[in-house]
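A quick write-up on the structure given underneath.
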Amino acid sequence: MHIAVVGSGYVGLVTGACFADLGHDVILVDNDQSKLNALRKGEVPIHEKFLPELLDKHRGKRIRFSEDLQSAARASEVIFIAVGTPATESGDADMSYIESVAREISGAVDSYKVVVEKSTVPVYTNEWIQKIIRRNGAHPEQFDIASNPEFLREGTGVTDFLYPDRIVVGVETERAAEVMKNVYGPLTSGWYYGRNDAVPRPDRAQTPPQLIITSAKSAELIKHASNAFLAMKISFINAVASICETVGANVQQVCEGIGTDSRIGPRFLNPGIGYGGSCFPKDLLAFRSVAKESGYDFRLLEEVIRINEEQRHRFLRKVRSVLWTLRGKRLGVLGLAFKGGTDDIRESPALLLVEELSREGCKVCAYDPAAMERAKEALGNGVEFATDAYQAAKGADAVLILTEWEEFASLDLQRLRSLVKYPIVLDGRNLYDPALMAENGFSYYSVGRPAALCEETASRGAKKERA
Ligand code: UGA
């Protein structure tokens, strides 16, 4: 099929590359000339597993890059809109990019096309896109609108796209449903999974995926409700972790106990320093706003947001209580991205904590496997940057683990121990077994689990408590 994807951000780029891998001819449209030039030269602007390989494989063949939206739309049967919907000050999604894309598409509707919203949008957006395209001269018989929310996570976007739990398509006509079934046919028929050159199957993938056809409004709500539910799961376990800390229970054991109930499930139950990223924080605000507009005061979402922010402050208080005073303390910080596997620092709890600790007078030396460049721009000169985890830890009064990178979960603990000034680790992501840390001579503080104190620092801690 001939497909245009408008917007070459995380979603657009992954979507375009994956459609090309499914055998479609894709034109990726963006109005940022320098981004397009970089993509044409083979550069990949984001850190995303398998994306460079897919772009290399299809560049100039099944995937082309263009700034000419109208020509791309004319040449395509299906046009995916994947431009940004940033939050405005009030928390509503800013729909102006979507509106201007819809306006431009209207001039290119010269044969039947399906215009698909892929960006995360409030309910009713499909009706607005339809109105805008009609208002600008397109014949109503010549196009349909579909909503096809994405559920991809940064870092695993390609495998999430190609091995999804489900594909949701919201349409209002049978004709649009048929077109969308063909778009995803290579996945739903299982054809893609039989190919020798398919992107490797991740654990847990069930193929072929189910295609769920709904109304456009339901599909729009499915996206917001999914993200809100996942964020709620994280805030819920973070709240439970706080109770565990005060009563001396272990949140890991609690997670095992509740997560094995198949109605609850074990995933997205990892406590930590709170969720971040470009999706959950923005989408929760937008969903709350959508609910309010429809007359429903969705206070549960406010509580989810409040717990999330509190979780970060709680961790900061923990650092303070372990180190007593912060001014002048040297901290080795491991992780700046909002989660492991990505270079994205948007709304990263790790970055917010580093800013706060620097404000309080700590000397931070940070390392992240992928987000260093972006973090340097955001943090400026106040923070030192290391070339690896060990360099970040050198001479540190304490080491802080703030992002759940796999490489931080398998550090050479004896090497780390020999480098730090004091063997204190505060783990905001629960990457280690507390007993193992104590065996290796560390005092180890994590989230929702009893601290493991090694003898050396335990005596210092006891002195401090007496004081
Ligand atoms: C999220 C959703 O998971 C995707 O399904 C959705 O498509 C995407 O938003 C989107 O709307 O575009 P993403 O933001 O990439 O994906 O990252 P997640 O893996 O969901 O993690 C979000 C945050 O929650 C991270 O800061 C992560 O560290 C935190 N998290 C996640 C936890 O603290 N605990 C967990 O158990 C899981």
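If you're wondering where the values come from, they're calculated on a predicted model, not measured in any experiment. The first residue of the sequence shown is numbered 1, and numbering continues consecutively from there. Values below: all heavy atoms of this structure, side chains included; hydrogens, waters and symmetry mates excluded. Order of listing sets the numbers, starting from 1, for every ligand and every atom in it.
Within the set E154, E404, K339, R153, the minimum heavy-atom distance to atom 17 (O) of ligand 1 is found for K339.
With rounding to the nearest 0.5 Å, the separation of CZ in F161 from CZ in F19 is 4.0 Å. The CD1 atom of I133 lies 4.0 Å from the CD1 atom of I145; values are rounded to the nearest 0.5 Å.
The protein non-hydrogen atom at the shortest distance from atom 10 (C) of ligand 1 is C279 SG, 2.9 Å. Among protein heavy atoms, the minimum distance from atom 7 (O) of ligand 1 is reached at L152 O, 2.8 Å. Protein heavy atom closest to atom 23 (C) of ligand 1, with residue, atom name and distance, is Y275 CB, 3.6 Å. At the shortest separation from atom 1 (C) of ligand 1 among protein heavy atoms lies F280 CE2, 3.6 Å.
Residue contacts with ligand 1, taken as heavy atom pairs separated by less than 4.0 Å, do not involve K282 at all. Here I234 has side-chain heavy atoms under 4.0 Å from ligand 1, and that is the only part of it that gets that close. Residue contacts with ligand 1, taken as heavy atom pairs separated by less than 4.0 Å, involve E150 via backbone and side-chain atoms alike.
Side-chain atoms of S119 come within 3.5 Å of backbone N or O of V83 as a donor-acceptor pair.
For the ring-ring contact (aromatic ring centres under 6.0 Å, His included) with H224, the qualifying choice from F287, Y124, F151 is F287, the only one to do so.
By the 4.0 Å N-to-carboxylate-O rule, R317 lies close enough to E310 to be salt-bridged with it. Between K376 and D368 no salt bridge is recorded (no basic side-chain N to carboxylate O distance below 4.0 Å). Between E360 and K329 there is no salt bridge, since no side-chain nitrogen of the basic residue lies less than 4.0 Å from a carboxylate oxygen of the acidic one.
Judged by the shortest distance from any of its heavy atoms, G272 lies outside the 4.0 Å radius around the atoms of ligand 1.
Of all atoms in ligand 1, numbered sequentially from 1 with element shown, those under 4.0 Å from a heavy atom of R429 are 28 (O), 33 (O).
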